[in-house]
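Below: one structure, written as C-alpha cells.
When a residue number appears, it is its place in the shown sequence, counting from 1.
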Amino acid sequence: MDLSAYRELWKTHGVVALLASALVARMPVLATMVPLSFLAKDAAGNFGWAGVVAGAYSIGTAVASVVWSRMADRRGARKVVIGTGMAWGLWMAVLALLPYSWYRLLPLAAAMAGVFVAPVTSALRANWPRIVSGPRLRAVYSMDATAQELLFVFGPMLGAIMVSFASPRAGLLTCAVTAAAAIWWFGLNQQPAVPHDETTGPRPTAWQLIFHSHRTPILLAWACLVMGFASMSLGMVAVADEHGNRLIAGILETVAAVGSVTGGVINGALPGGRTSAVWRRMLALSALVTVCIFVTSSVVALAVAMFATGCMIAPTVAALYERVGALTPTSAHTEIFGWTQSGGMVGSAIGAAVAGAVVEAGGVRYAWVLTAGLAVLATLSLLRVPPHRPAETSAVEGATVAA
C-alpha cells in the first residue's frame, strides 16, 4: 500500500473541511429516522403508521433529490444546499412539535421534510473533481465511500440514543438544529462550479443525462447494488430471528461495515498504476456474496463471510462514483449524483419488499441468493463501461464522452 495519496489529500486545500462538514451535515439527517419512527408510533399507537410516515419521507426525498441537484448545477450549490438545509430543519421542528392528536398530518409533514433534504451527498461528490485529480481522485472517492459506511452505522445509533435517553421529540429537534448549522458550514465550503462551455454543445437534458451508452449501465448497476444491500440487511434480520437473538442482526451489520471500512482504506492506499475495470470489482463482490448463501446456518461462519464481502463494498461503490463522475460532463456532475441517490432510494425500497417475499417463500439463505443475482446483473451491465486509466483525469474523460 502507498499512503502518500492520503497524505497529499490531507495537504490539499479544501479537502478536509469539505469532507468533515459533509459528514457532520449528513449524520443528523440519517439519525432522524429512528426518532421519527418512534414519534409516529407514540402518536398513532402502532408501528404500521410509523412505516407510512417513513415511506412518505423517503418518497419526498426521492422525488426532490434530482430537482435540487439539477438546480445546484445551474445556480450554484451553496445557495441550494443552505436554503434546503434551513427548510429541512424547520420541517423537522414542525414534526417534533406537532400534537399527538394531529398524527394524521405526520405523513404530509414528513413528505415535506423529505422534499427539502439538502443535496449534500451529490454536491460533495460533484466537488471532488474540482479539487483533486489523478490518483488522489480515486483515493478521495474511497474515503467518501468509507465515510458513508460509518454514517450508516453511527447515524441510526445516535438516533436510538437520543430516543432512549430523552424522547423522540427531543431527538428530532436536536437533529434539526445540528443539521441546520452543519449544512450551513458545508454550504460555505462549496467550490465554485466550472462554467458551462457552450462551444462543447448545449447543457444535457435529464433525458440525455440518464439515457447514455455508459451512464445508463452504471445507474442500473447502482440500483441493483442498493437493492442487494437492502436484501442483505433483511437477511441479517431474518438470521437473527431464526436464532432467537435480535442482537445478531446488529453484530452482522457492524461486521460488514467494518469490512467495508477496511476495504475502503486499503483501496484508497493502493498505487493505482494499472487500468481498472469496475465490472471486475462487482464480479468479486458477487463471488463473495455467493459464499454467504452456503453459511447462513452458522452465525460465526456468516460473520466471517460478511466481513469478506464488506471488504469489497466500499471499493466497488468508490469505483462506481469515479466512473459516473468521469463519464459525465462537468456541468452536470451534481445532477448525475442526484440521480444515483434517487435511484438508490427507490432500489432500496424495492429490494426490501422483494427480499421479504423471497425470504418468506424460500428461507433465510434466499436473501443472499437474491443479492448475488442482482450483483451478477450489475456485473453484466458494466461490461461495456470504459475502464479507469491512470493517465486520464476525470475532466478529460468527461469532455471526451460528452463530445
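Of the inter-residue distances, the one linking S231 atom OG with Y366 atom OH reads 13.0 Å to the nearest 0.5 angstrom. Rounding to the nearest 0.5 Å places CG of L172 at 12.0 Å from CZ of F38. Here the straight-line distance linking atom CZ of R280 with atom OG1 of T316 works out to 13.5 Å at 0.5 Å rounding. For the atom pair CZ (F229) and CG (L374), the distance works out to 11.0 Å, reported to the nearest 0.5 Å. Taking CG of L173 as the start and OG1 of T32 as the end, the distance is 12.5 Å to the nearest 0.5 Å. Note that the NE2 atom of H212 and the CD1 atom of I218 stand 9.5 Å from one another [nearest 0.5 Å].
The shortest side-chain heavy-atom distance between I336 and L219 falls under the 4.5 Å cut-off. Looking at V258 and V255, their side chains never come closer than 4.5 Å, going by heavy atoms from C-beta outward. The side-chain heavy atoms of M162 and C175, taken from C-beta on, include a pair separated by under 4.5 Å. Between M27 and L23 there is no side-chain heavy-atom pair separated by less than 4.5 Å. By the 4.5 Å heavy-atom criterion applied to side chains, T262 and I266 are counted as neighbours. In this structure the side chain of V16 reaches within 4.5 angstrom of the side chain of W10, judged on heavy atoms. F294 has its side chain out of reach of W368: every pair of non-hydrogen atoms, C-beta onward, lies at least 4.5 Å apart.
Other residues, nucleotides and ligands contribute more than 12 heavy atoms inside 6.0 Å of the CH2 atom of W88. By the neighbour-count criterion of 12 heavy atoms within 6.0 Å, atom CH2 of W184 is sparsely surrounded, having that number or fewer from other residues, nucleotides or ligands.
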* To do: Apply side-chain contact (heavy atoms from CB on, under 4.5 Å) to the pair L19 and W128, showing each step before the final yes or no.
  => CA-CA 10 Å; L19 183 61; W128 293 137; 4.0 Å; yes
* To do: Go through the steps for W222 and L225 under the test side-chain contact (heavy atoms from CB on, under 4.5 Å), then give the verdict.
  => CA-CA 5 Å; W222 176 250; L225 188 61; 4.2 Å; yes
* **Candidate pair L288 and F307, rule side-chain contact (heavy atoms from CB on, under 4.5 Å), full reasoning** => CA-CA 10 Å; L288 291 169; F307 176 82; over 6 Å; no
* To do: Apply side-chain contact (heavy atoms from CB on, under 4.5 Å) to the pair N267 and R281, showing each step before the final yes or no.
  => CA-CA 11 Å; N267 179 67; R281 296 190 183 192; 2.9 Å; yes
* To do: Could you please spell out the steps behind the side-chain hydrogen bond (donor to acceptor under 3.5 Å, both in side chains) verdict for S122 and S69?
  => CA-CA 7 Å; S122 52; S69 297; 3.0 Å; yes
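Put simply, the side chain of T216 never gets that close to the backbone of S213: no donor and acceptor are under 3.5 Å apart. Checking side-chain atoms of S65 against main-chain N and O of A62 turns up no donor-acceptor pair under 3.5 Å. The main-chain N or O of T334 is found under 3.5 Å from a side-chain atom of D73 such that the two form a donor-acceptor pair. Formation of a donor-acceptor pair under 3.5 Å by the R70 side chain with backbone atoms of E335 is not found in this model. In this structure a side-chain-to-backbone donor-acceptor pair under 3.5 Å is missing from R169 to L39. With hydrogens and angles disregarded, a donor-acceptor distance shorter than 3.5 Å links the side chain of S167 to the backbone of A170. At distances below 3.5 Å, not a single donor-acceptor pair connects side-chain atoms of T296 with backbone N or O atoms of C292. Using modelled atom types, one side-chain atom of R323 and one backbone atom of P386 make a donor-acceptor pair closer than 3.5 Å. A donor-acceptor contact shorter than 3.5 Å is absent between the side chain of R125 and the backbone of H333. Between the T84 side chain and the V81 main chain, a donor and an acceptor come within less than 3.5 Å of each other.
Note: W49 and Y103 have perpendicular aromatic rings, judged against thresholds of 30 and 60 degrees for the angle between ring planes. A perpendicular orientation is assigned to the rings of F337 and Y321, their planes being inclined by more than 60° (bins at 30° and 60°).
When every heavy atom of W91 is checked against every heavy atom of A109, the shortest pair comes out as CE3-O, 4.0 Å. Annotation for A176 and M92: closest pair CB-CB, 3.8 Å, computed over non-hydrogen atoms. Nearest heavy atoms, A56 versus P107: CB-O, 3.4 Å. The nearest pair of heavy atoms linking A375 to M282 is O-CG, 3.6 Å. Minimum interatomic distance between G187 and I82 (heavy atoms only, all atoms of both residues): CA-CG1, 3.9 Å. Scanning both residues, P35 and V163, for their nearest heavy atoms gives CA-CG2, 3.5 Å.
Under the side chain to side chain contact (heavy atoms under 4.5 Å, CB included) rule, V278 has a single partner from T379, L383, L320, which is L320. Screening N127, V80, L124 against Q190 for a side chain to side chain contact (heavy atoms under 4.5 Å, CB included) leaves a single residue, N127.
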